[in-house]
Amino acid sequence: MNRDVDFNAHRPDGEPTPDRWAAALSLFDAPGAKESAADVWRRAAVYFEGKDYATAARLLAGIVEEHPELTGPRLLLARAYYHSAQLRRAEEQLRELVDRDPVESYAHLMLARTLQRQGRDEEAARWQRLADALSPS
């Protein structure tokens, strides 16, 4: 983590920049300590909430590689890829999710939206129908 961060940095809307919070959290780490997956998850969530999707995706990719069985990090990784226009990567993660958890309705919906954004409307319609059928409402 880069400790030379401007802790007074703010976005144009007046909110603090995501790297400000992520860097501040790292100040409490013991020197040389390995960051746990939970710590990386929290830091990735800060970047995601700050709309720094590419950085969030980079962090989440490591968690997914280390813990491929977890749905939450993989779903957030797919969302980060989607929002950073890495649509092929988002599609790959979402297909893995629906293979692992066929009743995860949000993964079906996101896969439909990802395919639509790629101009693959006919293929997306199938996933949209599945998402609608699995949706609790």
Side-chain angles (χ1 to χ4, degrees):
M1 176 54 103
N2 181 1
R3 295 186 189 261
D4 297 327
V5 174
D6 180 4
F7 289 105
N8 296 315
H10 286 77
R11 298 186 321 221
D13 64 2
E15 291 295 315
T17 58
D19 60 333
R20 175 181 173 190
W21 293 117
L25 291 173
S26 73
L27 292 175
F28 299 101
D29 296 341
K34 182 177 178 338
E35 195 172 27
S36 72
D39 292 333
V40 175
W41 167 262
R42 282 189 287 275
R43 207 159 42 92
V46 169
Y47 282 109
F48 187 89
E49 289 172 18
K51 297 182 180 3
D52 186 350
Y53 302 116
T55 301
R58 185 176 43 77
L59 294 170
L60 290 163
I63 296 173
V64 168
E65 185 177 318
E66 189 177 334
H67 300 283
E69 74 283 359
L70 296 177
T71 298
R74 189 178 298 272
L75 189 55
L76 191 58
L77 174 59
R79 291 178 61 203
Y81 282 149
Y82 177 87
H83 288 299
S84 62
Q86 299 179 62
L87 300 177
R88 294 284 182 188
R89 288 181 173 175
E91 179 184 349
E92 179 182 295
Q93 294 302 320
L94 292 163
R95 287 187 185 279
E96 181 67 27
L97 271 170
V98 298
D99 284 347
R100 288 176 182 265
D101 189 357
V103 295
E104 177 57 61
S105 63
Y106 189 67
H108 287 82
L109 176 64
M110 280 212 49
L111 182 53
R113 297 286 157 73
T114 301
L115 293 168
Q116 286 171 342
R117 211 168 148 193
Q118 294 178 64
R120 296 160 59 189
D121 294 336
E122 193 172 307
E123 190 179 353
R126 173 180 176 254
W127 294 103
Q128 182 65 56
R129 285 191 303 274
L130 282 168
D132 293 343
L134 294 170
S135 180
S137 55

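Model, not experiment: these values are computed from the prediction.
- Sequence neighbours left out, not one pair with a member in residues 56-78 passes ring pair (Phe, Tyr, Trp, His ring centres under 6.0 Å).
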>> Could you go through L94 and W127, starting from their C-alpha distance and side-chain angles, then the distance that decides it, and tell me whether this counts as side-chain contact (heavy atoms from CB on, under 4.5 Å)?
In response: CA-CA 11 Å; L94 292 163; W127 294 103; over 6 Å; no
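- Contact between P73 and L60 at its shortest, heavy atoms only, is O-CD2, 4.3 Å.
- In this structure, the separation between CG on L59 and CG on D52 is 9.0 Å, given to the nearest 0.5 Å.
- Taking A133 as the reference, nothing meets the side chain to side chain contact (heavy atoms under 4.5 Å, CB included) condition, with sequence neighbours excluded.
- Q128 and Q116 are not linked by any side-chain donor-acceptor pair at a separation below 3.5 angstrom, with hydrogens and angles left out of the test.
- For E66, there are no side chain to side chain contact (heavy atoms under 4.5 Å, CB included) partners at least two apart in sequence or on another chain.
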>> Run K51 and Y53 through side-chain contact (heavy atoms from CB on, under 4.5 Å) and show every step you take.
In response: CA-CA 5 Å; K51 297 182 180 3; Y53 302 116; 3.3 Å; yes
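- Considering all non-hydrogen atoms of both residues, L134 and P102 come closest at CD1-O, 3.5 Å.
- Using a distance-only test at 3.5 Å, with no hydrogens or angles considered, a donor-acceptor pair links the side chain of T114 to the main chain of M110.
- Counting all heavy atoms, side chain and backbone alike, A44 lies closest to A56 at O-CB, 3.6 Å.
- Remark: E123 engages R95, R120 in a side chain to side chain donor-acceptor pair (under 3.5 Å) (not counting sequence neighbours).
- A distance of 8.5 Å separates CD of E92 from CD of E96, quoted to the nearest 0.5 Å.
- One finds the CG atom of L97 at 9.0 Å from the CG atom of L77 (value rounded to the nearest 0.5 Å).
- Atom CD of E69 is surrounded by more than 12 heavy atoms from other residues, nucleotides or ligands within 6.0 Å.
- For the side chain to side chain donor-acceptor pair (under 3.5 Å) condition, the pairs that include at least one residue of residues 70-86, sequence neighbours left out, are R74-Q93, S84-Q86, Q86-R89.
- Scanning for side chain to side chain contact (heavy atoms under 4.5 Å, CB included) contacts around R129 gives A125, R126, with sequence neighbours left out.
- F48 contributes atom CZ, which lies 12.5 Å from atom OG1 of T55 (distance to the nearest 0.5 angstrom).
- Here the shortest heavy-atom pairing between A112 and A124 reads O-CB, 3.3 Å.
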